[in-house]
2 protein chains.
Amino acid sequence: MSPLTVPPVGARIRQTRLARGMSLRALAREVGVSASLISQIETGKSQPSVSTLYAITTALGISVESLFDAGEAAALPPVTAAPGTVLHALAAFAADPGRRIGPLVTPGEREVLELDSGVVWERLGHVPGTDVDFLQVTYRPGGASSSSGGLMRHTGTEYGCLTSGELILTLGFDEYTMRPGDAVCFESTTPHRYRNDGDVPAVGVWFVFSDT
Amino acid sequence: MSPLTVPPVGARIRQTRLARGMSLRALAREVGVSASLISQIETGKSQPSVSTLYAITTALGISVESLFDAGEAAALPPVTAAPGTVLHALAAFAADPGRRIGPLVTPGEREVLELDSGVVWERLGHVPGTDVDFLQVTYRPGGASSSSGGLMRHTGTEYGCLTSGELILTLGFDEYTMRPGDAVCFESTTPHRYRNDGDVPAVGVWFVFSDT
DNA sequence: CTCGGTTGTTCAATGGTGCTGCACATTTCC
DNA sequence: GGAAATGTGCAGCACCATTGAACAACCGAG
């Protein structure tokens with residue numbers, strides 16, 4: 001019987017925690033454990049119990065499986081950070097030429113863009129020459145698509161499907177609560193804003209394309 | 001902080017172990033632990049460490065996630081069946097005028113289209129007048145995007161993000177294995193085909209748009 | 001029926017380690 | 001300068017995962 005090496009669960013946790021823009025202590029408090037434990041787990045010095053492991057995954061809004069998947073650690077560029085609020089995904093990623101090799105993008109290879117209002121965009125794919133962006137969007141608890149509180153308007157059309165958490169969409173004069181599995185699509189010229197009032201991250205697959 | 005109840009992992013283990021026709025001691029020997037430990041884990045009297053949990057799942061040949069998932073089994077909606085292979089989402093839904101009311105689509109309101117090769121398309125949204133389709137796609141075990149086995153070609157661009165399960169994409173002469181969180185995008189003129197060789201359904205959010 | 005072979009369960013005992021609390025070296029911000 | 005963040009290292013304790021043996025129940029063979 002081979003020793004059977006357990007995948008580097010810690011590294012994955014750290015990776016997604018950083019993607020969420022969470023501090024080590026913030027996660028610890030959310031999970032209900034000490035900060036040092038999280039550190040030791042992430043650095044591989046300690047292996048969490050099943051209950052804390054489960055607590056961590058739910059706090060991060062990810063599946064347990066994603067930690068064990070053969071995602072191949074991969075060299076995630078230490079986060080392509082870009083400070084300040086950004087208005088549009090296209091403008092945000094414009095400076096960063098698509099450096100994808102194949103058509104497949106794994107979680108480890110994603111270009112990550114963190115906004116200052118508790119929102120993280122991870123680029124799932126982009127076809128050069130098109131005005132289309134394919135994103136995984138994460139709204140931290142309290143996060144909103146515009147920190148100022150105002151509504152957004154831009155050209156094009158927007159499609160989104162929530163995979164976990166809960167998200168509130170203000171669209172024109174109406175307000176909708178999105179739950180996992182719910183989807184929206186609308187013309188982006190309608191004033192809109194997303195906001196996460198829950199206490200777990202809201203994650204979804206988004207699709208923004210601007211028909212210039 | 002709520003106690004956060006961990007799913008009944010033990011019961012699941014026992015369930016699948018019995019399905020494999022394995023004795024308790026046989027599994028214990030395979031995993032490399034004592035028989036009593038397996039018993040205590042299955043009866044919920046003890047919680048395994050992450051390493052033993054991982055060893056158990058690999059010994060049983062199942063994913064870690066399957067232990068934590070809510071039963072979930074089928075629960076697939078009775079299905080608005082439409083026999084016959086369909087070539088394109090747009091063509092498929094063409095006969096069915098968008099009868100959406102608001103911009104939000106919940107899982108219960110989705111238009112469902114079942115193909116005969118173990119593939120289900122659920123429309124997440126559609127903006128009238130556009131050649132864009134926003135779908136949740138489910139490949140049942142053994143399902144493939146074309147029952148005949150041939151590759152598909154059509155105009156436009158295709159974006160997809162897998163949320164659960166495992167899916168194999170044949171794109172041109174290459175083959176890619178998609179795991180949860182992985183995403184692809186490519187010009188649909190490239191011959192392609194999806195196939196689910198796993199034993200759990202593969203579910204993803206897909207985006208097909210044809211630039212006429 | 002009695003034996004040897006299963007099956008899964010339970011018990012006390014122990015060794016390991018998950019976890020905490022604090023101190024430490026950092027960096028950032030006022 | 002201090003104050004408040006950040007992540008890390010260490011010591012120590014208590015808990016619990018793990019073990020091995022003894023347990024009751026079942027089955028087929030002799």
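Convention: sequence-line order gives letters A, B, ...; per-chain numbering from 1. All values reported here derive from a predicted model rather than from experimental measurement.
- Separating the CD atom of Gln47(B) from the P atom of dT17(C) is a distance of 17 Å, rounded to the nearest angstrom.
- In this structure a side-chain-to-backbone donor-acceptor pair under 3.5 Å is present from Asn196(B) to Tyr139(B).
- Within 4.0 Å of Ser23(B), counting heavy atoms only, lie sugar-phosphate atoms of the nucleic acid but no base atom.
- Residue Glu42(B) is out of contact with every strand shown, counting any heavy-atom pair closer than 4.0 Å.
- The side chain of Thr52(A) contributes an N or O atom lying less than 4.0 Å from OP1 or OP2 of dC19(C).
- If you check dT8(D), dT18(D), dA21(D) against the side chain of Ser36(B), the one that comes closest is dA21(D).
- Closest to the side chain of Arg25(A), from the set dT10(C), dG7(D), dC19(C), is dG7(D).
- Phosphate contact (OP1/OP2 of dG8(C), side-chain N/O of Ser39(B), threshold under 4.0 Å): absent.
- Distances shown here put a side-chain N or O of Arg14(B) below 4.0 Å from the OP1 or OP2 atom of dT9(C).
- Summarising the geometry, the separation between CG on Leu37(B) and P on dT19(D) is reported as 6 Å, rounded to the nearest angstrom.
- Across all strands shown, Ser49(B) has heavy atoms under 4.0 Å from sugar-phosphate atoms exclusively, and none from any base.
- Regarding Gln40(A), its CD atom lies at a distance of 12 Å from the P atom of dA11(D), rounded to whole Å.
- Within the 4.5 Å cutoff, the side chain of Val184(B) has heavy atoms near those of the Met178(B) side chain.
- In this structure, Thr57(B) contributes its side chain and Val64(B) its backbone to no donor-acceptor pair below 3.5 Å.
- As a whole-Å value, the separation of Arg29(B) CZ from dG8(C) P is 12 Å.
- One atom, CG of Leu24(A), and another, P of dT20(C), lie 13 Å apart when rounded to the nearest Å.
- Atom NZ of Lys45(A) and atom P of dA11(D) are 14 Å apart (whole Å).
- A salt bridge is defined here as a Lys NZ or Arg NE, NH1 or NH2 lying under 4.0 Å from an Asp or Glu carboxylate O, and Arg195(B) with Glu175(B) meets this definition.
- Residue Ser34(B) places no side-chain N or O under 4.0 Å from the OP1 or OP2 atom of dG20(D).
- Spacing between atom CG of Leu53(A) and atom P of dC16(D) amounts to 17 Å, rounded to whole angstrom units.
- Separation of atoms OG1 (Thr16(B)) and CG (Leu67(B)) is listed at 7.0 Å; rounding is to 0.5 Å.
- With hydrogens and angles left out, the side-chain atoms of Ser39(B) and Ser36(B) include no donor and acceptor closer than 3.5 Å.
- Ring centroid separation for the pair Phe207(B) and Tyr159(A) comes in under the 6.0 Å cut-off.
- In DNA chain C, runs of at least 3 stacked Watson-Crick or G-U pairs (N1-N3 plus N6-O4 or O6-N4, or N1-O2 plus O6-N3, all under 3.5 Å) give these stems: C:1-4 with D:27-30, C:9-24 with D:7-22, C:26-30 with D:1-5.
- Atom CD1 of Ile41(A) is separated from atom C1' of dG7(D) by 14 Å (rounded to the nearest Å).
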